[in-house]
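Got a structure for you, questions after.
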Amino acid sequence: MKKIEHIGIAVKNLEESNLLFEKLFGAPAYKQEEVASEGVKTSFFMNGPNKIELLEATNPESPIAKFLEKKGEGIHHIAFDVEDIISEIERLKSEGFTVLNETPKRGADNKLVTFLHPKGTNGVLIELCQEIK
Ligand SMILES: CC[C@@H](C(=O)O)C(=O)SCCNC(=O)CCNC(=O)[C@H](O)C(C)(C)COP(=O)(O)OP(=O)(O)OC[C@H]1O[C@@H](n2cnc3c(N)ncnc32)[C@H](O)[C@@H]1OP(=O)(O)O
Ligand SMILES: [Co+2]
């Protein structure tokens, strides 16, 4: 597992949050993307070397809709860059972590992704991302 790839923030209204984060960073989102399989619309901001992913739910079954209902807006996950997601999944399983999808799926921003259940990681949802080359 390498550096933090992005921090995911759950928001109720992506357009309003886009304006807020644009003011915060002094630059607009560099990309917006819908990921239907996750039930989310996303936008991405860079601030120096740091990437922030804003996520709005697109349906009531979306993990973001459920999170907003239970916890409200805020940090939803921390994503880490990995070189080889398959071997990292095997390593983490052998260490006892609960990998939510053992076959990585297509995420946003040209990545293959999977998640570790927050119950096994001190309440923090961890995403693993491998860049698709
Ligand atoms: C855009 C694509 C991608 C990218 O490229 O970057 C993304 O980032 S997609 C982000 C959205 N997708 C996901 O979050 C997928 C992984 N998440 C899940 O599979 C589920 O959300 C979950 C973690 C398995 C929980 O689902 P479920 O059990 O159906 O929901 P509950 O609402 O009942 O929650 C159970 C339990 O877990 C706590 N929880 C849920 N989400 C989080 C979270 N993000 N961080 C910390 N804790 C979380 C929730 O509070 C419940 O706890 P208890 O109430 O104490 O039981
Ligand atoms: Co993410």
Side-chain angles (χ1 to χ4, degrees):
M1 222 189 277
K2 299 191 291 181
K3 67 178 178 68
I4 290 179
E5 210 285 328
H6 64 265
I7 293 176
I9 298 179
V11 303
K12 289 184 190 154
N13 183 310
L14 194 62
E15 291 315 315
E16 284 176 16
S17 296
N18 280 342
L19 295 175
L20 184 71
F21 278 75
E22 181 171 341
K23 269 194 240 165
L24 182 67
F25 295 140
Y30 69 87
K31 187 177 209 178
Q32 297 203 48
E33 191 175 342
E34 182 161 353
V35 181
S37 58
E38 295 300 308
V40 296
K41 278 194 302 190
T42 64
S43 50
F44 286 95
F45 290 83
M46 286 306 297
N47 183 44
N50 304 307
K51 188 197 278 190
I52 299 294
E53 175 186 55
L54 302 183
L55 304 117
E56 179 192 293
T58 54
N59 68 64
E61 297 313 311
S62 162
I64 298 302
K66 291 187 184 177
F67 182 87
L68 287 169
E69 228 171 74
K70 285 196 172 166
K71 301 194 186 218
E73 292 183 303
I75 294 182
H76 177 261
H77 62 268
I78 302 178
F80 290 89
D81 212 0
V82 298
E83 196 66 46
D84 179 347
I85 197 165
I86 300 289
S87 67
E88 202 55 18
I89 287 171
E90 288 313 314
R91 185 184 74 79
L92 292 167
K93 270 170 48 187
S94 74
E95 294 286 1
F97 292 94
T98 304
V99 177
L100 286 166
N101 44 297
E102 294 189 15
T103 303
K105 47 191 176 179
R106 182 118 199 185
D109 215 16
N110 200 38
K111 300 283 189 305
L112 282 176
V113 304
T114 191
F115 292 86
L116 305 182
H117 201 291
K119 292 284 175 201
T121 48
N122 289 159
V124 179
L125 178 64
I126 304 285
E127 178 182 342
L128 308 181
C129 299
Q130 180 190 319
E131 190 171 6
I132 301 170
K133 290 185 177 146

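Start at 1 and go down the list; that is how both ligands and their atoms are numbered. Hydrogens, waters and symmetry mates play no part in the numbers below; they use all other heavy atoms, side chains included.
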Any Lys119 heavy atom less than 4.0 Å from ligand 1: yes
Ligand 1 contact by Glu33, heavy-atom criterion under 4.0 angstrom: no
Check: His76 N/O within less than 3.5 Å of ligand 1 N/O: yes
Which residue and heavy atom of the protein sit nearest atom 25 (C) of ligand 1, plus the separation: His117 NE2, 4.6 Å
Residue, atom name and distance, where the atom is the protein heavy atom closest to atom 12 (N) of ligand 1: Glu38 OE1, 2.7 Å
Polar proximity ligand 1 side, Leu55 side, N/O cut 3.5 Å exclusive: no
The Co ion (ligand 2) reached by Glu5 (N, O or S, under 2.8 Å): no
Nearest-neighbour protein heavy atom for atom 29 (O) of ligand 1, which is reported as residue plus atom name and distance: Lys66 NZ, 3.0 Å
Nearest protein heavy atom with distance in Å, relative to atom 3 (C) of ligand 1: Glu127 OE2, 3.9 Å
Vertex the Co ion (ligand 2), rays to OE1 in Glu127 and NE2 in His6 - rounded to 10°: 100°
The Co ion (ligand 2) - closest N/O/S atom in Glu53: OE1
Donor + acceptor pair across side chains of His6, Glu127 (<3.5 Å): yes
N, O or S atom of His77 closer to the Co ion (ligand 2) than 2.8 Å: yes
Sub-4.0 Å heavy-atom approach of Gly123 to ligand 1: yes
Row check, Phe80 ring normal vs Lys3 NZ/CZ: under 6.0 Å, within 45°: no
